[in-house]
Structure formats: structure tokens, C-alpha cells
2 protein chains.
Amino acid sequence: METPVETTRERLLNVAEQRFGEGGYEGTSLRAITVAAAANIAAVNYHFGSKEALLRAAVARAMAPVNAERRRRLDQLEAGAPPTPEALIRAFVEPGLELVLRRGERGAVVARFIGRIAFDPSRRIRELYAVESEPIESRYLAALQQALPQASPDAVAFGYMNMLGLLALHQSQALSPTPGAAGTEDPGKLAENLVTFLVAAFDHGLRS
Amino acid sequence: METPVETTRERLLNVAEQRFGEGGYEGTSLRAITVAAAANIAAVNYHFGSKEALLRAAVARAMAPVNAERRRRLDQLEAGAPPTPEALIRAFVEPGLELVLRRGERGAVVARFIGRIAFDPSRRIRELYAVESEPIESRYLAALQQALPQASPDAVAFGYMNMLGLLALHQSQALSPTPGAAGTEDPGKLAENLVTFLVAAFDHGLRS
DNA sequence: GCATAGTTCAAACGGTCATTTGAACTGGAG
DNA sequence: CTCCAGTTCAAATGACCGTTTGAACTATGC
């Protein structure tokens, strides 16, 4: 097989995902990242321009396939009969959690990274996540509103935010030392449990 | 009335709540805190010993009344008939959100601080929160298990973690510039919306 | 008055931070 | 071989970090 040469740029992004997901943006130094990536400190500013630009590139790379899959599922759903809330919830949650299942340790690192960034203490960092998922958000909200005609727009937005929060919570706990704390020994069942939980809340817990 | 003299120690705790809740632990410097508190930098180490000890003291002070109220409600519930899931959820969620309602801006600062600390990127910081709410956690889990006999212990733990996460999410959004994003224009209804959401999820969304 | 314990202060400590610099290296094109 | 754009490198820059120091101030008890 061909030599899987990792460029300095790729190594920096990989390590950034791991370290930023572990210690957060402010809690992780460029020096720690470059040492782990076997790169020179100046390489970050050469390839990306700044620490925040490195984070931005890492967020974009990590979220691209997840959001692409969400878009694909949403397209598919909108092509057929009006989707149920469950179908919409699956289309959002499953791409975010299949990372852990389908791509092993590396996927778990990515999942944790995404989950942490989504609720970073700094507003500027959180907005990196928001910007990345903004294009798909309005489509989701509209589809949810159609699937839940009895719920007010405020209620739909409330449910969406809770879905976002719980997904980020369980993503951020990927690789955590106490996986049992996620409420399931088998990580493969996590997505099912979360979907069941959210579907019940959406179907019975949004005020009209 | 008597002079409401704020001691340096109190001013440091107040500003720490505000700044740590705004920028996170790593993202907030002692200098920023002491300047805003009109105190000398050395005052932190004099009164608390270190930056982390200041945070620990702030966490303890902020969570004490919330957990005391939770304990009180739990005592009351356990004195009567076996409580419903809804009663237990209310006993946990409402003390955490009434901060915002009953104590105005100051309470919102405290709520945001608690919500942010609960899911700080650093494990060491999160454990400060965990240690503080640990004594009450096992009682809650046991009561929840009794109220949901058909649910497995894993499912109960899963539901509890989701409740914790959603509460922290909405607490951390207190004082956020887009309060409408919380799904309700009236913050007074937030607790009701969250309880309704969680009750539905607990009653219909935990696998047996 | 004086001593004393509690508190505050400016200043400095060593260390780490993100970023910049300019030289050295690399590999392919002409 | 020469050139050159792309990349890597050690070193330095200035700023900021948490913490420490020892002197100065304050208020209370004698």
C-alpha cells in the first residue's frame, strides 16, 4: 500500500482536535500541540496564521462530513412524505454519534472535540461552531416546525436547542474515563437511547 | 440602615463568579478579577491561597443554597408518598433556575457561573462541581429509580445525566445576549418548559 | 502611648504565552 | 548545476501569567 505520509498541516489538525477537545481552547497551548505533532511552533502561524485560525480550520474539517451527512439525510427526507419528528431527530443526532462507532478512537477524538467546542466558555469560540452549522440550522427548524405543527416556534426552538445540547454533551463525553456515566455500557446503544429520549420529549414535552 | 460594607473577600468572590462564568477558568486571569474587584493581586493569595482555591470557594458559595434547597425538597418528598418523576425533576431543576427569577441580575450571574463550571473543559474544574453535588446525587438516583421501577439503572443514570446537562445548558445561557434562544421570551417560563420537556422524556423515553 | 494581628500594597519573581524573524533546508523546474 | 518557491527551524520579542515578598497601613486591646 502507498505510504500514508501525514503532512505537517494534517498532523497539526489531528493533534489540535485531540488537545483542544481535551483541555479546551484557552487551556491548550500551541507549544503543547506542536510538540505532540512533532512540528515547530512557527509551523502553526505558517500554515494557519494564528492559534484561533488553527482552531477554525480544525472545526471546519471536523464538522464538514457530519454536516454533509445531515444535509444528505435531510434532502432524502424532504424528497418523500413529510418526515416524522423521529426521522428528523435521527437525521441530526446519528451523524454526530456515528463518528464514535464507525471510526473508532479517531472518531471519538473528533466527537469530543466538536462537543467541547459547541459549548466552549468563550463566545467567540462557540460562534465558530455556530457559523459552521448555521446553513443547515434554519432548514432543520423549518422541517421540525412542519413535523410539529401544534408546537409554537418558540417551543420548536427550545426543543432544537435541547437536542443540540444533549448531543454535544454525549459527544464531549466520548473517550471519557467513565463511559458508564453516559448511561450505557455499549456505546453503540448511546445513539438509540438518545434518540428515544429526545423523541419522547419532542412528542410529549413541547408546550403547544 | 447599616452600612453594607463589602469586604475584599466578598468582592473577589462576586467578581470571580461573574468573570469565570463569562470566560471560563482558563480564560480569566487573576489580574482581570482583581482589577474589577478593586483589589490588589496579592489579595487573592492572601484570602484564598491560589486561583484554583478562589474558584473552589466561589463554587462552594454559589452552590450551597441551591443544593440546600434541593435537599430540603427531597426531605419533604421522602416524608410523604413515593414521589412521581415530575416531583423529583422539579425538586432538582427549579432550585437551579429560580436563581435567575428570584434574585435578578446577581442570580443570573450565579446561574451562569454554575452552568459553566459544571461542564468546564478541564476535568479538574468539573470535579469541583461534582464534589459539591455528590452528597445529594446518590439520593436522587435512588429516588428516581424508585419512581421509575420499570427503567434499568443505566437508563436512570442516563436520564439523570441528561437532566444535569440540560439544566447546566440553560443556566449557562443566563445573561446571554440572545435570551430568545432559550426558547422562551419570558425567563419565568423557562423552568416550566424544561420540566415539561424532561418529564416527557423520563416518562416515555427511558428504555426498560 | 504602644504593641499586635489582620489586611493591603507596589514591586518583583520565574515561567509560559502567541507571534515574529531571518536563516537554513528541501525538492522539483529550467 | 542553478534557481526558487515551499517549508522548517532555532531563537528572540514583548506581553501576560500565577505567585511571592516584605514593607506599609489599619484598627483594636492594653
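Values in this document were obtained by computation on a predicted structure and should not be read as measured data. Protein chains get the first letters and strands the later ones, always in sequence-line order, with residue 1 at the start of each.
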Is it true that the side chains of A:N67 and A:R70 contain a donor and an acceptor less than 3.5 Å apart?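 There is such a pair between these side chains.
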Between [N] atom [atom2] and [X] atom [atom1], what is the distance in whole Å?
X	N	atom1	atom2	value
B:K51	C:dT16	NZ	P	16 Å
B:I41	C:dA12	CD1	P	13 Å
A:Y25	C:dC17	OH	C1'	11 Å
A:L54	C:dA18	CG	P	11 Å
B:L30	C:dC9	CG	P	16 Å
A:R31	D:dA10	CZ	P	13 Å
B:Y46	C:dT7	OH	P	4 Å
A:F48	D:dT7	CZ	P	12 Å

Tell me what [X] touches on the nucleic acid: a base, only sugar-phosphate, or nothing, going by heavy atoms under 4.0 Å.
X	result
A:T34	nothing
B:T7	nothing
A:A43	nothing

Whether the side chain of B:N40 and the base of C:dA10 hold a donor-acceptor pair under 3.5 Å is what I'd like checked.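 Flag set: donor-acceptor pair detected.
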Among A:L190, A:V93, A:L97, exactly one meets side chain to side chain contact (heavy atoms under 4.5 Å, CB included) together with A:V195. Which residue is that?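 Only match with A:V195 under side chain to side chain contact (heavy atoms under 4.5 Å, CB included): A:V93.
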Check A:E69 with A:R73, please: is the shortest side-chain N to carboxylate O separation under 4.0 Å?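 Looking at A:R73 and A:E69, the cut-off is met.
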One thing to verify: whether A:R56 and A:E127 come together as a salt bridge, which I'm taking to mean a side-chain N less than 4.0 angstrom from a carboxylate O.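 A salt bridge is absent here (no side-chain N lies under 4.0 Å from a carboxylate O).
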Shortest side-chain distance from B:A42, nucleotide among D:dT20, D:dC9, C:dA12: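 When the side chain of B:A42 is considered, D:dT20 is the closest of D:dT20, D:dC9, C:dA12.
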Side chain of A:N45 - closest among C:dA10, C:dT20, C:dT8: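 Among the listed nucleotides, the one closest to the side chain of A:N45 is C:dT20.
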Give the intermediate values and the outcome of salt bridge (charged side-chain N to carboxylate O under 4.0 Å, His left out) for residues A:E132 and A:R61. CA-CA 10 Å; A:E132 210 64 38; A:R61 194 189 70 161; over 6 Å; no
If you compare every side-chain N and O of [X] against the phosphate oxygens of [N] (OP1, OP2), does one of them come in below 4.0 Å?
X	N	result
A:H47	D:dT8	yes
B:T8	C:dT7	no
B:S29	D:dC16	no

Map A:A32 and A:G49 onto DNA chain C by nearest heavy atom, then report which one ends up closer to the 5' terminus.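 Its nearest nucleotide lies further toward 5', so the answer is A:A32.
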